Amino acid sequence: MKGIFVGTLFVIAILLLIVGGIFFIVFSNQYINLKVSLKSSEILKDVDVVEIVKRGLEIAYRYSFLQSAYYTGNLGGYKDEISALEWRKYHCTYFPNSYLSNLEENVKYYIKEYFKNLENFIFSEPNVNIVLSYINGELSEAKMEVYFDKPLNYSKYFFSIYDNPNRTILNLPINYFKLYNESKKAFIDDDPIKRSIEDAISRMDSNCKNILVGNVCEYNLRSADEVLNERCPNAIERLKDNIRKEIQSLADSLNINIDIDTIVLKYTSESHYTLRESEDCGCKRSIKIDDEDKCIEYYKKYYNLNYNYNYFAAVKAIITFILRDDYYLIYDPYYGNVNFRNLLLKFNVTTSNDYGWRPI
Amino acid sequence: MKGQIAPFDIGIMMIALAFLVVIFLFLSIFIETRAQVNVNIIYDTNEANRILTSLISLNYSSKNVYELISSIEYTDDPNFIKFLNESLYGYFDYTPKCYKLTLDSTTILDFKNEGYSGDCKKTRFSAKIPIFTPYNKINPVKYLYLNYER
């Protein structure tokens, strides 16, 4: 009986060990499976996140281009405020020949701003290349290639996902690029504001430019300023108004905005006459010299006295070419908000009707 | 009788075998059930993300939904909202108790079935994905949230 009892105990012990082993293996497997499931679930969720970001990259690049186009356009095609120059300073012109690379640099900046705000993503330095295509000398297509040296990396505690962030953005607004050519033609190759000033001066009344005083006795002689003030009152103010009107008409004809920042005017005068003694101009006038009354005599007369006036104007203007029909959602740091705005090209010019005179 | 197994021992072994068979059967059913539960966990936890990914990938009148959602704060198109609502509703094979689609703090869609009294924010089913919005200095990347309750 003792042998049977020991044998039974032995079988039960083995049975318990087997059952215990099975349970241990099964439950530890369950634990592992559960962890695998949860991690798989986490990976699947993050794959969706990466997928959405991938879909959004093209949109982020397009927004970056628009923001860069707006910012660079506001600086006349220059990269930043520090490097921005007036397009014209009298006879010197400063067209931003590198406007495309400035645009590309600013696109890079905005793309990086987007990436900075993404959680768990790592992007290498972006490269941006704007490609313009021409057919028969006419701009026909503009596209932007955004490419990276390394794939994007989405990392979490226990996994990393790699993917290709390179994209080509097609159909950039070609009219924006055309603005640069139009503006160059209008304000670098030519100086229409100088012409406007010249037109305004040429349209002044003739009695503001040339005044025939006639024959005047020496003691009745009045200065060129006095005569101008009498025959052509407020000449400078009137000329200023005329210049404003001419510039506005220029703006209307080009369908652009021109805001006059500063306008400085002056005139010079020349007199033409023959001066000789005349019997009818006898005059004695008593004036004090060293506390003594002395008498000065005037006998001379100005014959055919004629005053000529030359006018000069210098203007600093802010020129804005606007893509009026196209609105985009763009952030303006001045207003501090995003709104539907036009792309534009804005630059300053300073000019005058005489490049030798540079008061601004 | 040496070398023969005693009937008692055979009885014990039969009982042990039967016990093991029962244990194996039980564990097989248990493993199968657990496996199904795990698959359901994966499916459920990923469902909201899948719906959101599908929704974002749709097109609406020659534009993609992603772009329209990213600029939704600046536009007011009731037809697009209607389209989103119908599309999202179509993803459910049951009538949800509630669902809510928000872009950061902007609520785009908000549906509550009769009898549901919660705010549909901290729901069992939820997804959160980053969206590139028109550039602004403060926050150019916003998050699109989908919450719903079955």
Side-chain angles (χ1 to χ4, degrees), chain A residues 3-4 7-8 11-12 14-15 18-19 22-23 25-27 29-30 33-34 36-38 40-49 51-53 55-64 66-68 70-71 110 113-121 328-331 333 336-340, chain B residues 6 8-9 11-13 15-17 19-20 22-24 26-28 30-31 34-35 37-57 64-67 69-71 73-75 127-144:
Chain A
I4 292 169
T8 306
V11 169
I12 289 171
I14 288 174
L15 202 63
I18 291 170
V19 170
I22 290 167
F23 270 89
I25 290 166
V26 167
F27 282 111
N29 260 333
Q30 281 305 306
N33 284 343
L34 185 65
V36 168
S37 302
L38 290 172
S40 308
S41 172
E42 190 73 14
I43 290 172
L44 283 173
K45 280 168 80 172
D46 287 318
V47 164
D48 283 333
V49 170
E51 190 59 34
I52 292 292
V53 167
R55 278 175 199 278
L57 284 177
E58 204 167 301
I59 288 163
Y61 297 162
R62 190 174 289 279
Y63 284 149
S64 299
L66 291 172
Q67 194 60 40
S68 168
Y70 186 75
Y71 178 75
Y110 291 113
E113 283 289 296
Y114 275 107
F115 292 164
K116 255 197 268 177
N117 285 276
L118 276 179
E119 291 170 5
N120 304 319
F121 280 89
Y328 302 97
L329 281 167
I330 290 169
Y331 174 77
N337 65 8
V338 176
N339 215 334
F340 284 99
Chain B
F8 181 78
D9 290 346
I12 291 289
M13 281 179 197
I15 290 168
L17 199 63
F19 184 65
L20 279 175
V22 169
I23 292 287
F24 274 118
F26 168 74
L27 286 175
S28 299
F30 176 75
I31 288 166
R34 285 302 305 170
V37 168
N38 287 350
V39 169
N40 286 346
I41 287 171
I42 295 172
Y43 188 84
D44 282 356
T45 52
N46 193 36
E47 187 185 65
N49 279 66
R50 285 199 316 277
I51 290 175
L52 213 44
T53 309
S54 303
L55 188 70
I56 280 291
S57 308
N64 62 53
V65 167
Y66 186 114
E67 196 172 352
I69 284 186
S70 78
S71 58
E73 288 175 63
Y74 313 101
T75 52
K128 173 190 171 189
I129 52 168
I131 295 285
F132 298 111
T133 58
Y135 177 79
N136 66 85
K137 206 170 178 64
I138 301 157
N139 192 12
V141 177
K142 291 184 177 166
Y143 283 89
L144 184 67

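Each chain gets a letter, A, B and so on, in the order its sequence line appears, and its residues count up from 1. Note that the coordinates shown come from a computational prediction; the quantities given were computed from them, not determined experimentally.
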TODO: Please round to the nearest 0.5 Å and tell me the distance separating atom CG of B:Asn136 and atom CD of A:Gln67.
DONE: 9.0 Å
TODO: Could you tell me the separation between the CD atom of A:Glu51 and the CZ atom of B:Arg50, rounded to the nearest 0.5 Å?
DONE: 14.0 Å
Open item on the list: Counting only non-hydrogen atoms closer than 4.5 Å, does A:Phe27 touch chain B with its backbone (N, CA, C, O), its side chain (CB onward), both, or neither?
Closed with: side chain
TODO: Measure across B:Tyr143 and A:Asn117 and return the closest heavy-atom pair with its distance rounded to 0.1 Å.
DONE: OH-O, 4.2 Å
Open item on the list: I'd like to know if the side chain of A:Tyr114 reaches the main chain of B:Tyr135, judged simply by a donor and an acceptor atom lying under 3.5 Å from each other, with no hydrogens or angles considered.
Closed with: yes
Task: Nearest-0.5 Å distance that lies between atom CZ in B:Phe132 and atom CG in A:Leu118 - done: 4.5 Å
Open item on the list: Quick check on A:Ile52 against chain B: is it the side chain, the backbone, both or neither that has a heavy atom closer than 4.5 Å?
Closed with: both
Open item on the list: Using 0.5 Å steps for rounding, measure from the CG atom of B:Asn139 to the CD atom of A:Glu113.
Closed with: 11.5 Å
Task: Heavy-atom side-chain proximity of B:Ile31 to A:Gln30 below 4.5 angstrom - done: yes
Task: Side chain / backbone / both / neither for B:Ser57 at chain A, heavy atoms under 4.5 Å - done: both
Task: Interface moiety of A:Leu66 toward chain B, non-hydrogen atoms closer than 4.5 Å - done: neither
Open item on the list: Quick one, B:Tyr66 and A:Glu58 - any side-chain contact, counting heavy atoms below 4.5 Å?
Closed with: no
Open item on the list: Is there a side-chain contact between A:Tyr63 and B:Ser70 in this structure, where contact means two heavy atoms from C-beta onward sitting under 4.5 Å apart?
Closed with: yes
TODO: Please examine the side chains of A:Ile59 and B:Asn64, heavy atoms only from C-beta on, and report whether any two atoms are closer than 4.5 Å.
DONE: yes
Task: Interatomic distance, B:Ile56 atom CD1 to A:Asp48 atom CG [nearest 0.5 angstrom] - done: 11.5 Å
Open item on the list: Using the rule given for ring pair (Phe, Tyr, Trp, His ring centres under 6.0 Å), can you reason through B:Phe30 versus A:Phe23, listing the C-alpha separation, both sets of side-chain angles and the distance that settles it, and then say yes or no?
Closed with: CA-CA 11 Å; B:Phe30 176 75; A:Phe23 270 89; 8.4 Å; no
- [ ] Just give me the residue among A:Asn337, A:Leu44, A:Ile14 that pairs up with chain B most often, heavy atom to heavy atom, under 4.5 Å.
- [x] A:Leu44
Open item on the list: What part of A:Tyr328 gets within 4.5 angstrom of chain B, counting heavy atoms only: side chain, backbone, both, or neither?
Closed with: neither
